[in-house]
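Hydrogens, waters and symmetry mates are skipped; everything else that's a heavy atom, side chains included, is used. First listed ligand is number 1; within each ligand, the first listed atom is number 1. Being a predicted model, the structure only gives us computed values, none of them experimental. Sequential numbering from 1 along the given sequence is applied to the chain's residues.
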Amino acid sequence: MESADLREYVENLFGEEDPLLRTMREEAESQNIPTIQVPFGLARTLEILVRVSGARNALEIGTLFGYSGTILARALGERGELITLEASAKHAQVARENFARAGVAERVELREGSALDLLPELADRQFDFIFIDADKVSYPDYLQWAIKLSHPGTVIVADNLWRGGHVAMPDNPDNDALARFNRDLAADDRLVSIILPRLDPSDAFSISIVR
Ligand code: SAH
Ligand code: DHB
Ligand code: MG
């Protein structure tokens with residue numbers, strides 16, 4: 001037999017994408033918004049981590065059209081709250097519509113602007129769960145902010161830490177920053193961290209828990 005593809009196998013096994021998430025994705029595509037939302041395996045991992053940690057509030061850096069934000073808001077539950085940061089006005093507008101459609105708008109606060117400008121406004125807050133998924137050059141700064149906005153037990157997840165291997169041999173400022181992020185993550189004694197392949201192993205994500 002030809003070698004099988006794990007991502008395809010698992011996605012087929014688990015069946016159809018949630019109909020609303022699918023609509024969001026298809027509409028984003030037709031509006032020329034990049035469909036770089038979390039794939040199924042990472043989406044499900046985020047949901048499990050939010051549930052298992054009992055998180056009640058979360059911070060997301062990089063909203064896009066609200067795909068992972070909807071998943072996070074749902075997983076946080078009826079009394080959960082999500083703050084999500086997005087630099088693109090176009091993405092923010094579509095995301096707001098999507099949060100309303102998903103029935104989570106009253107529990108999601110979308111702040112529009114560049115995350116490094118918005119994060120200082122949150123300096124006195126602590127989040128139970130933090131998802132880093134915006135511009136890659138700022139990842140080292142996002143990690144320091146995530147730690148600052150954490151408490152013992154906070155779970156921090158970051159996407160796009162491998163980029164088909166380019167992070168191991170950085171060839172541009174994005175990949176150089178991701179390599180720095182990975183070094184910082186691995187060396188930080190305040191965290192217990194791991195980097196894991198996505199089901200599509202051309203990319204990877206980290207999971208950390210704050211000691
Ligand atoms: N988490 C989303 C995907 C995010 S894609 C999901 O899985 O559904 C990355 C997003 O980060 C894009 O929407 C991009 O506009 C946004 N972004 C890029 N630079 C940013 C910045 N400096 N501050 C905040 N958001 C930024
Ligand atoms: C890109 C960004 C992402 O967050 C992602 O998951 C995939 C691609 C990008 O900027 O190309
Ligand atoms: Mg990503």
Minimum-distance N/O/S atom that D159 presents toward the Mg ion (ligand 3): OD2
Where do H91 and P34 come nearest, in terms of heavy atoms and distance? NE2-CD, 3.8 Å
Minimum heavy-atom separation for A177 and K136, please, with both atom names. CB-O, 3.4 Å
Looking at atom 3 (C) of ligand 1, what's its closest protein heavy atom, distance included? D133 OD2, 3.2 Å
Could you tell me the residue and atom name of the protein heavy atom closest to atom 8 (O) of ligand 1, and the distance to it rounded to 0.1 Å? S68 N, 3.0 Å
[X] versus ligand 1: do any nitrogen or oxygen atoms come within less than 3.5 Å of each other?
{"X": "V38", "answer": "yes"}
{"X": "G62", "answer": "yes"}
{"X": "A87", "answer": "yes"}
{"X": "A134", "answer": "no"}

From the Mg ion (ligand 3) out to just under 2.8 Å, does an N/O/S atom of N160 turn up? yes
Of all the atoms in D133, is at least one N, O or S atom closer to the Mg ion (ligand 3) than 2.8 Å? yes
Sub-3.5 Å pairs, protein N or O with ligand 2 N or O:
from     : atom 1 : to   : atom 2 : distance (Å)
ligand 2 : 4 (O)  : D133 : OD1    : 2.8
ligand 2 : 4 (O)  : K136 : NZ     : 3.0
ligand 2 : 4 (O)  : N160 : OD1    : 2.8
ligand 2 : 6 (O)  : I36  : O      : 3.4
ligand 2 : 6 (O)  : D159 : OD2    : 3.2
ligand 2 : 6 (O)  : N160 : OD1    : 3.0
ligand 2 : 6 (O)  : N160 : ND2    : 2.8
ligand 2 : 11 (O) : R163 : NH2    : 3.4

Ignoring hydrogens and geometry, is there a side-chain-to-backbone donor-acceptor pair from D128 to N57 under 3.5 Å? yes
